2 protein chains.
Amino acid sequence: MPSGVDKPALQVLHCLVEHVGPFREGEHLFRAHEAFGAIFAVRGGTVKTRLIDSLGREQVLGFYLPGEMVGLNGIHPDHYPCDAVALDSVYLCRFSFRALETLAARIPGIQQQLFRLLSKDIGVASLLAGDFSADERVAAFLVSIADRFAARGFSTSALHLSMPRSDIANYLRLAAETVSRVLRRFQDQGLISVAGREVKFTAPQALRALARNVLTT
Amino acid sequence: MPSGVDKPALQVLHCLVEHVGPFREGEHLFRAHEAFGAIFAVRGGTVKTRLIDSLGREQVLGFYLPGEMVGLNGIHPDHYPCDAVALDSVYLCRFSFRALETLAARIPGIQQQLFRLLSKDIGVASLLAGDFSADERVAAFLVSIADRFAARGFSTSALHLSMPRSDIANYLRLAAETVSRVLRRFQDQGLISVAGREVKFTAPQALRALARNVLTT
DNA sequence: CGCTCCGCTTGACCTGGATCAGGGCGCTGC
DNA sequence: GCAGCGCCCTGATCCAGGTCAAGCGGAGCG
């Protein structure tokens with residue numbers, strides 16, 4: 001959990017934290033419509049959230065990297081509004097929400113932190129709502145993933161994508177073919193170098209320039 | 001404020017509520033980057049939230065009808081992330097957020113209500129993120145507005161749009177011309193009847209069918 | 001009255017990205 | 001070994017919706 005929670009609060013937190021995992025690729029942390037009971041912090045691996053609509057089509061809603069929280073958006077309707085699926089081997093901390101909520105009433109730090117996390121998710125969701133070009137979307141996706149890894153101390157010049165192209169495409173509301181073509185073109189333009197799921201940033205500034213309109217939203 | 005807050009809580013609430021308005025068409029409730037201090041409940045009129053990007057282009061983020069809350073998404077960064085502009089004559093209740101937050105720590109009802117409202121906004125934001133056709137978007141927009149008016153006891157068979165076509169189009173990430181054409185076609189198909197900003201629903205079920213994929217997300 | 005302005009509509013055309021179709025490569029299992 | 005299967009790439013075609021350009025009608029106003 002990010003800063004803003006002091007030492008004593010953290011100790012109390014330990015009482016209601018439970019280490020869970022590993023989940024294997026394809027396994028569910030929770031499913032849509034299940035009763036809402038807990039939120040999860042990713043310790044290792046990657047999680048995607050998604051929705052299956054009435055026609056059986058998948059809608060990818062988000063990716064969660066180590067250090068990030070999954071499941072917050074289940075608070076309102078009191079049940080999870082989406083599936084959460086492991087993309088590789090995933091390790092988690094499980095926070096019982098009932099206990100957390102009670103605790104939040106007494107420790108202002110936690111309450112504020114929850115408000116912050118919730119409010120932040122709204123911003124991220126609206127990130128994809130704009131009408132951006134395929135180039136802007138893909139650039140913003142790469143920059144966003146890179147920044148989030150960087151915030152956890154990982155390399156800033158290269159990254160490993162733990163999801164297939166089809167998930168990226170679905171998340172960005174593009175066709176998989178388009179993602180493929182854009183990545184190819186970025187490579188031809190010298191912005192990145194791609195080998196399967198490994199990406200190196202060769203001109204990070206130029207990539208950021210492309211992503212700017214999307215991310216400053 | 002919706003149900004879920006009991007009588008005594010409401011009385012305490014009255015201490016920190018302030019009636020403000022009227023705001024005239026085009027006036028700002030708050031602007032992006034201003035310090036976050038309060039959330040607002042619309043009593044009358046319509047508010048739009050929007051963002052002006054670095055190139056000066058407007059992005060409409062949402063519309064708020066009587067009975068709805070504006071400004072919640074300012075909690076996280078501690079300043080408002082968007083402008084809020086009156087579309088007609090707007091009357092509001094202003095809630096100081098500092099006081100509300102302190103109060104929330106003591107009265108569980110309020111805290112839960114805030115969590116619910118925040119969490120609900122996430123859902124609404126992701127409503128526009130999907131890749132839907134122009135028809136689906138326009139239908140969903142009309143149904144959504146109608147339902148929200150209906151929830152406040154207004155007519156279910158007709159409504160008045162208080163925003164220009166260009167705002168609707170911008171919000172739905174379409175061109176104004178497209179909105180115009182879709183409305184025209186809906187009318188030709190007997191789904192609605194349009195006269196300027198007045199809309200009558202002549203085949204509400206068919207319209208709902210079109211909107212279903214978008215709204216059940 | 002007639003004028004201009006602005007929101008709205010309509011038509012003609014263009015284009016970014018979806019779709020369709022095919023092919024390669026690296027798994028795993030036999 | 002090779003067959004089968006995911007995943008990924010690439011080219012050819014198509015179309016929804018954007019863009020451009022032009023009228024139209026109501027509101028404010030000299």
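So you know, we letter chains A, B, ... as the sequences are listed, proteins then strands, and number each from 1. Quick caveat: nothing in here was measured; it's all calculated off a predicted structure.
- Other residues, nucleotides and ligands contribute at most 12 non-hydrogen atoms within 6.0 Å of the CD atom of B:Glu25.
- For B:Phe36, the ring pair (Phe, Tyr, Trp, His ring centres under 6.0 Å) criterion is met by B:Tyr80, B:Phe97, not counting sequence neighbours.
- Within 4.0 Å of B:Arg197, counting heavy atoms only, lie sugar-phosphate atoms of the nucleic acid but no base atom.
- Of the N and O atoms on the side chains of B:His19 and B:Arg43, at least one donor lies less than 3.5 Å from an acceptor on the other residue.
- Base pairing in DNA chain D gives the following stems of 3 or more Watson-Crick or G-U pairs, range against range and under 3.5 Å: C:1-30 with D:1-30.
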Protein N or O to nucleotides 26-29 of chain C N or O, pairs below 3.5 Å:
none

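- Going from atom CD1 of B:Ile168 over to atom P of C:dC8 covers 8 Å, rounded to whole Å.
- Protein chain A touches strand DNA chain D; the 5'-most and 3'-most nucleotides with an atom under 4.0 angstrom of its non-hydrogen atoms are D:dC7 to D:dA12.
- Atoms NE2 and CZ, on B:His160 and B:Phe154 in that order, are 12.0 Å from each other to the nearest 0.5 Å.
- The ring pair (Phe, Tyr, Trp, His ring centres under 6.0 Å) search around B:Tyr91 returns none, not counting sequence neighbours.
- Ranked by how close their nearest DNA chain C nucleotide is to the 5' end, B:Val179 and A:Arg185 are led by B:Val179.
- Of the two residues contacting DNA chain D, namely A:Ser166 and B:Ala176, the nearest-nucleotide position lying further toward the 5' end is that of A:Ser166.
- The residues A:Arg31 and A:Asp83 are annotated as not salt-bridged, no charged nitrogen and carboxylate oxygen being separated by less than 4.0 angstrom.
- Shown here is A:His33, whose NE2 atom has no more than 12 heavy atoms of other residues, nucleotides or ligands within 6.0 Å.
- A:Glu136 places a side-chain N or O within donor-acceptor distance of the main-chain N or O of A:Ser133, the cut-off being under 3.5 Å.
- Checking side-chain atoms of A:Asp88 against main-chain N and O of A:Thr46 turns up a donor-acceptor pair under 3.5 Å.
- One N or O on the side chain of A:Thr202 and one on the backbone of A:Leu191 form a donor-acceptor pair closer than 3.5 Å.
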N/O to N/O distances under 3.5 Å, protein versus nucleotides 11-16 of chain C:
unit_1	atom_1	unit_2	atom_2	d
C:dG11	N7	B:Arg181	NH1	2.9

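- Note: B:Lys48 NZ to B:Cys82 SG = 11.5 Å, rounded to the nearest 0.5 Å.
- Atoms CG (A:Leu172) and P (C:dA18) sit 10 Å apart, rounded to a whole Å.
- Each of B:Val47, B:Leu92, B:Leu29, B:Leu87 was compared with B:Tyr64 under the side-chain contact (heavy atoms from CB on, under 4.5 Å) criterion, and only B:Val47 meets it.
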*Could you go through the side-chain hydrogen bond (donor to acceptor under 3.5 Å, both in side chains) check for B:Ser144 and B:Arg148 one step at a time?*
CA-CA 6 Å; B:Ser144 162; B:Arg148 286 149 65 192; 3.3 Å; yes
